[in-house]
Structures are given as C-alpha cells and as structure tokens.
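Notes to accompany the following structure.
Order of the sequence lines fixes the chain letters, A, B, ..., with proteins taken first and strands second; residue numbering starts at 1 for each chain.
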Amino acid sequence: MALLEVKSVCKSYGQLKALDKVNLNIEGQQFHGLIGPNGSGKSTLLKCIAGAEYPEEGILEFEGKDIKKTSPADRARNGMSLKFQITSVFNQLSVYDNILLSLQATQPLLRLAGSQSRERLDSKVMETLTEFRIEARADDLAGVLSHGEQQWLEIAMALAPGPRLLLLDEPTAGMSPEERRLTGELLRPIKERCSMLIVEHDLEFIKDLSDVITVLDQGQVLDSGTPKQIENSERVKEVYLTRV
Amino acid sequence: MTILNRVAAARPGTSGRHSRLLTIEILVLVLFALMPLVLVLIWGEDDSFFWVVFTTKVMLLSFLALSFDLAWGYAGLMSFGQALFFGGSGYVVAVMSRDLGISSVFIIVPMGTLVGLILAALLGAFLLSGSKTPSIIFIAFGTLTGSYAAERLARAWYYLGGQNGVSVSKAMTIGDMPLYEGFGFYYLALGFLLIVYIGCRFLVRSQFGLVLAGIREREERIAFLGYRVQLTRALVFALSGAIAGLGGGLYAFHEGFVWPALMGPLTSTQAILYGLFGGVSTLIGPIIGVSGIEFATIILIDYLRDYWIIILGFLLLLVIMFRPTGLVGLLVSERERIGTFGRPGVDRKSDTRGD
C-alpha cells in the first residue's frame, strides 16, 4: 500500500482546469519530486494533498484512508506536514516559540493550558533548531531572520512533529546558491524518517534529492520516473526544459 | 530600521524593559488593594465611602473589559456582544433574588459565571461552527445582533420588568452575613478580580497562550500545524463569557438593579472602548481603560457638565488613532506584549544543561 495515493484528481478554477485526472503515488521513505512549468498545477496538487484546496473529483488516500474531505488540521494530525511556498513563519514569535508551536500541535488544549509539556519539549525544540543550524537564533524573533533562515525555520517546523509525509512547496525559492546547497544537505538525512513530496523549479536541485520525479504540464502528468529517466525523457525535454 | 528590528532590539533581557508589564500589573492591583485603606486614613470612613463604592463599580466593570480583551485581544474575535453575557447573568441572578429569594454569594457567583459561559458557548458555537473561517465583520455583527436582541427582549418582556428592569432589593450574603455596598463588597470584588486576573494571565502565558498568539498572527497557517482554530477560539469566547457573567452577577447585586441597556450594544461598546483605550492583549490594559474612562467621566462631569462627553470622546479618539495598542502600549514594547512562551526564566544562550 502506498503512503499517499492520488488517483484521477481534478480541480478547476472556473473554466481553467488546474488539475486534470492527475495520478501520483508516494511510497514509504521515498523522496518524490514534482516539477513543471509555471501554471502546470504543481502547487494546486500540493494544496489539494495538504487540504488547502479540495479536489472536485478523484481519490486522495493517505495510509489507505480517504482524506479528500478532511480538514488541513486533521491531515496534519494524521502525519502530514506542509511547508508553504511563501514563507509563513510566525514573525512576532521567537524562533524557539515557532518550533514549540509546531511540536505541541497535537496535544489536547487543556494540557496546553497547564503548560504540562513545556519542559519535556524543550530538548526537542533545541535539537530541531540545531539540526537546521539556527539554534543561535532561538531567542530572536522569526521576523528578523534572513530569507534563507526563515525557509529553514519553516522546514524545521514542518519536520519537528515527526510527520510521515513532508510536503515542501519550493523550499529553495529566493535562496542564494550557497543556501540551496545547504538546504540540500539538510534535507538528505530526513529520508530515514519520512517520505517527502517536493515541488521545485530547479531540476538540478531536485534530481539529486529525489527517488522519483513526476512532471506536470497543463494540469496533467507528462511523465514520471527516476531522475535519470526524466532527464532522458524526450517529452520532458520538449515541454519542460524548453519552457522554464 | 524596520518595526521588527525595533521590536527585536527591545527583547526581554537586553533592554531592561522586560519587567514593565509586570510592574504595571502589580502597581494597578496593589493600588486597588490599598485604595480604601489610604482613603480612610486621609478622609475618614464616611467621606471615603463614595469613592469606595465607585471603585467597586470600576472593578466590576473590569470583568467586562477583561472578557472583551480575551475575546478580541487574544482570540481575535471582535465581539460587540460582551454585554449580553454581563447583563444576561445580571438579569438571571436578579430574577433569582426576586422570585426565589436567593442571595448567597456561593450560589450567585457560580450561577452568574455559568449563565455567561452558556450564553457565550451558544453564541460562539453558532458563529464559529461554519465550514468557512468567519470574517471579523461576521463576528462583529453576529455578536452585536445577540446583544441587541437581548436588550429588545428585556425591554418588551413584562416578566423582566420591561423598560424598568429588575430591582435587587436583597443584599448579597456570605452565610448569614449580608454584604452591603462599601468596604466588604469592595474586597469581595477585588478578591474575585484577582483570582480571574491571575487565572487569565496564567492562561495567556501558557502553551495555550502560544496557540492564541499564533492564531492572532496567522490564523490560516496555524491550521496546517494541526490546530483546530475555531474550536480554540470558541473555548476562549466561552471563557470570556464566563468572566463577564461573573462580573455581571456581582454588578447586579452591587448596583441594586439591572436594566435592559446593561445587555445592549451601548454597554458592549463601552467594553470595546475600555479595551482599546487601555490597550488590548495585555489584560491589565482594559482594567486601566475602565479606571481611566470611569474616573475621568465622574471628575469631568462635575466640572464640565456640558462638555465632558466631548472631551472624553476626543481623548478616546486620540488614543485609538495614534496609539492602537492603547495606554499600556506607551510603556510596554510589542515583544513584551506578545510575550515569549519557552521555558520561563531560562537564558538559553548561557544555558549549560545537558538535555
């Protein structure tokens, strides 16, 4: 059984068919890259999987359970984490509190009112910050971090609760080449812990990281396969590489 | 320098401003505790009686202001209906006193709290249970409608005394001891206010408070972390109703009667003004707002009978327009107002713990 199964998913905005019978499977511990030209439906597909949008047709199953109509909160509670395309960390909170907020999300509200897990989660918060090399900024406001650091913080927030599927929407958007390289380094070890679906523009970045790449074009799957197969695919070369 | 940089520069532990909010809180609450004693020492018991009674009223209205701060300042619900819970519970305990002869503080206070809680839970469930995130306008009009409908109902219902309201002729009792307005009632109100205040402060600085801070900043984002945003807000709204209800129950006995406008939009707007004037999202701000507005009113009305309302209105406008964080915002940094929620008292940069 695949971890995530997307079958014949359709999503329209008025007359525009953003997704047209899209199929995609993600297995356990698999890094799955999703690429395509602008407007190909990558972000829409990611939003449908995370619950930010609801598809009109098709099947969406996570660990064999139908999630097509469940809320984003329920999907997150069931082990799915999303990193948004536009950084959306909590600017007015400290870096530490951003991670704490993410880590404590599944706990009952009454427990949170008693701050019962604050001490226990402290080491986990610091571990996560250390892993993403931002532990020295723990007490700074998230809003004063550099763009790259904010992106790492957001990935750290998505990863901290231990999801089984991590959804990353353009994790290197706006980063310098050095920051991209570092991001790749940070993401590689995550494979031991969870599966990942990464939406990216940068084919070079994604092919080093992914086990499988799916290429979307005009809301449809153009091709899917290993990075090598995608690199050699004539259809992909024609549609994707010439347009991006 | 951006606003965020300025806020960062004023972070706790680097500027010495970190204790300002706490200092203000302690100062205000100690002032309330000592005021009657000081007045008696200066003016004697009889001459200070008026101010003791008046300040009791201020403290009881502080429950209303605190409830608005929880709803708007912490849960992001612009409530124009807090008076519904305040006045609604006042009506219930007044009718209980009139028809059943109940006046024990041990029944009145829990009943007032419960009525406020139930009314707010029902209204909150109605406004927040939709599949889409309700807008500020929807919440504002929804709560306003509740408050307005309650006032109209009270005005038209003979059982509730119509336009005249309901008198509370019995004094509140603790055991066999009657508690008339004055020093006894003052310290009873202060005791409850302290309990509620400390409870609220504990809540908004807890891990639950962190969730509220997250909701305030990025409501749509926080759902993707797994939080049930509307449920969280509904819980805070119900709690705000309970606090308003507690205050309303005491207020009915202190003032000796309840009237329709106590549940209506006018009183609801008063709660908003208290909050905005003193400074929302601080808890102490709205209490300062009540004190500032009520004391200014009673002083100005004596000296400037015809103009006081204009001057007061102008002052309020000035504060709200030029200092959206209210009077407390003049002294307390944004960072301190929002707070930090990690382990309290830990300077992480010098933390050598091995965990």
Legend entry - Close approach to chain B in residues 146-171 of chain A, criterion heavy atom under 4.5 Å: A/Glu154, A/Met157
Inset, instruction - Report, as yes or no, whether the 6.0 Å neighbourhood of atom CZ on B/Phe126 holds more than 12 heavy atoms from other residues, nucleotides or ligands. - result: no
Legend entry - Toward chain B, the part of A/Leu121 with a non-hydrogen atom under 4.5 Å: side chain
Inset, instruction - Might you point out which heavy atoms bring B/Phe341 and A/Leu93 nearest each other, and give the distance in Å? - result: CE1-CD2, 4.0 Å
Inset, instruction - Report yes if the side chains of B/Ser206 and A/Arg118 come closer than 4.5 Å at any heavy-atom pair, otherwise no. - result: no
Inset, instruction - Kindly give the heavy-atom pair with the smallest separation between A/Asp140 and B/Arg335, and that separation in Å. - result: C-NH1, 4.3 Å
Legend entry - CD (A/Glu178) with more than 12 external heavy atoms under 6.0 Å: yes
Inset, instruction - Measure distances from A/Ser117 to the heavy atoms of chain B and classify the residue's part below 4.5 Å as side chain, backbone, both or neither. - result: both
Inset, instruction - Select all residues of residues 215-231 of chain B having any heavy atom within less than 4.5 Å of some heavy atom of chain A, and report them by number, or 'none'. - result: B/Glu217, B/Arg218, B/Arg221, B/Ile222, B/Ala223, B/Phe224, B/Leu225, B/Gly226, B/Tyr227, B/Arg228, B/Leu231
Inset, instruction - Please check if atom CD1 in B/Ile136 has more than 12 non-hydrogen atoms from other residues, nucleotides or ligands closer than 6.0 Å. - result: no
Legend entry - Exceeds 12 heavy-atom contacts within 6.0 angstrom, atom CD1 of A/Ile86: no
Inset, instruction - Can you establish whether the number of heavy atoms outside B/Met111 located under 6.0 Å from its atom CE is more than 12? - result: no
Inset, instruction - Could you tell me which portion of A/Ser102 (side chain, backbone, both or neither) has an atom closer than 4.5 angstrom to a non-hydrogen atom of chain B? - result: both
Inset, instruction - Measure distances from B/Leu210 to the heavy atoms of chain A and classify the residue's part below 4.5 Å as side chain, backbone, both or neither. - result: both
Inset, instruction - Under 4.5 Å heavy-atom distance to chain B, tell me which part of A/Ser94 shows up: side chain, backbone, both or neither. - result: both
Legend entry - Which atoms of A/Glu135 approach chain B - backbone, side chain, both or neither, heavy atom under 4.5 Å: neither
Inset, instruction - State, with a plain yes or no, whether a side-chain heavy atom of B/Thr340 is found less than 4.5 Å away from one of A/Tyr96. - result: no
Legend entry - Under 4.5 Å from any heavy atom of chain B - which part of A/Val89: backbone
